[in-house]
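Everything below concerns the one structure shown next.
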Amino acid sequence: MSQFTIAIHGGAGTILKTDMTPDLEIAYQEALQEALNVGYAVLEQGGTAVNAVKASIVVLEDNMLFNAGRGSVFTKKGVQEMDAAIMDGSNLNAGAVAGLRNVRNPIELAMEVMRNSNHVFLSGKGANDFALKQGVKLEPDEYFFSQFRYDQWKAIRDSDNYSLDHTHQQLEELMKDKKFGTVGATACDAQGNIAAATSTGGMTNKKYGRIGDSPMIGAGTYANNQTCAISCTGHGEPFICAVAAHDVSCLMEYKNLSLAEAMNVVVHDKLIKLDGEGGMIGVDAQGNHAMIFNSAGMYRGVKNEQGINEVAIYG
Ligand code: ASP
């Protein structure tokens, strides 16, 4: 039997204690704890890792504080377009969705894609049509609106500049507070099956149907019982080019590194070389976990059968 474990994140970036009010800090901690408790309860009742990660993600998607589902960031056109993915490490099945509008819980649609379509990755209008067909819950635009994300967007929407062909410094000025805010979960159940899930509104002011790493299997999300389950957060483009989540799996499979060793190589070496700011959480099939980031902070938490129950924000 494996020790069951759930690890979650709520995004990485320039998260500094000096920018945080005591109330906001408590709100983040409570939200992370609630998501951990909900996922952990699934595992404790003998549920599967895949159901546990989905349950935790739904809690985070429903919370305004995070850039996923409700509270997602605004695109250049001033709307929300959401991405999500889920992967079951026991059979390597996966479901992913990108560019979704008005779907209350993108992770539920990703699960539907995994279980009830013959496909892995659906996007845009087609994904929304599939949501309608599967009876996945929709919400009007107002449901997704948050003043905080709107103000973030207003500050940069008139610069046409949020793209990667600008220098890092210009980018930094534009994204003064670089908090990415995506949510993710990885879990190991009592049977030793592992799963990963990630959900996001992407990056503020994104355009041209930009999609980040979060819904891309192997980049932002990956799970394989033989190695690890990983969910990433950060500046998506370098994570895509590094095939970050799958690279952790490769380092474990081909180089025999432990979960934490492999994550360290990817986050502190490979991603750094690509200017890839952010982090990742992971579990293996024994229930070991790691939460590693190269940014100032990462909203994160872990709860396991051995009594670990922690949430943290800063480095
Ligand atoms: N990785 C996400 C993206 O690039 C953003 C995030 O993690 O917050 O879309």
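Just so you know, ligand 1 is whichever comes first in the structure, and atom 1 is the first atom listed for that ligand.
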List, one per line, each side-chain donor-acceptor pair under 3.5 Å for residues 110-117, sequence neighbours excluded.
from: E112; atom 1: OE1; to: N116; atom 2: ND2; distance (Å): 2.8
from: E112; atom 1: OE1; to: Q134; atom 2: NE2; distance (Å): 2.8
from: S117; atom 1: OG; to: V113; atom 2: O; distance (Å): 2.7
from: S117; atom 1: OG; to: H119; atom 2: N; distance (Å): 3.1
from: S117; atom 1: OG; to: H119; atom 2: O; distance (Å): 3.2

| message | Quick check for you: to the nearest 0.5 Å, what is the distance between C241 atom SG and K270 atom NZ? | response |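 Answer rounded to 0.5 Å: 13.5 Å.
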| field | Approximate separation, where rounding is to 0.5 Å, of L109 CG and L138 CG | value |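 The CG atom of L138 is 9.0 Å from CG of L109, to the nearest 0.5 Å.
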| message | Distance alone, cut at 3.5 Å: any donor-acceptor contact between the side chains of T198 and S214? | response | no
Acceptor/donor pairs from residues 34-46 side chains to any protein atom, 3.5 angstrom cut, sequence neighbours excluded:
from: N37; atom 1: OD1; to: Q33; atom 2: NE2; distance (Å): 2.9
from: N37; atom 1: OD1; to: K303; atom 2: NZ; distance (Å): 2.9
from: N37; atom 1: ND2; to: Q33; atom 2: O; distance (Å): 3.4
from: Y40; atom 1: OH; to: N304; atom 2: O; distance (Å): 3.4

| request: Identify whether the distance between the nearest side-chain nitrogen and carboxylate oxygen of K133 and D129 falls below 4.0 Å. | output: no
Numbering the atoms of ligand 1 from 1, which are under 4.0 Å from a heavy atom of [X]?
{"X": "D213", "value": "1 (N), 2 (C), 3 (C), 4 (O)"}
{"X": "G181", "value": "8 (O)"}
{"X": "T233", "value": "6 (C), 7 (O), 8 (O)"}
{"X": "S214", "value": "1 (N), 2 (C)"}

| Strictly under 4.0 Å, does any heavy atom of G11 approach an atom of ligand 1? |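 In this structure, G11 fails to qualify as a contact of ligand 1 - no heavy atom is under 4.0 Å.
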| query | To which of G234, A244, G202 does the heavy atom nearest atom 2 (C) of ligand 1 belong? | reply |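 Selected option, by shortest heavy-atom distance: G234.
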| task | Out of R210, M216, M203, indicate the one that has the non-hydrogen atom closest to atom 9 (O) of ligand 1. | result | R210
| message | Is it the case that ligand 1 has an N or O less than 3.5 angstrom from some N or O of T182? | response |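 T182 vs ligand 1: N/O contact under 3.5 Å present.
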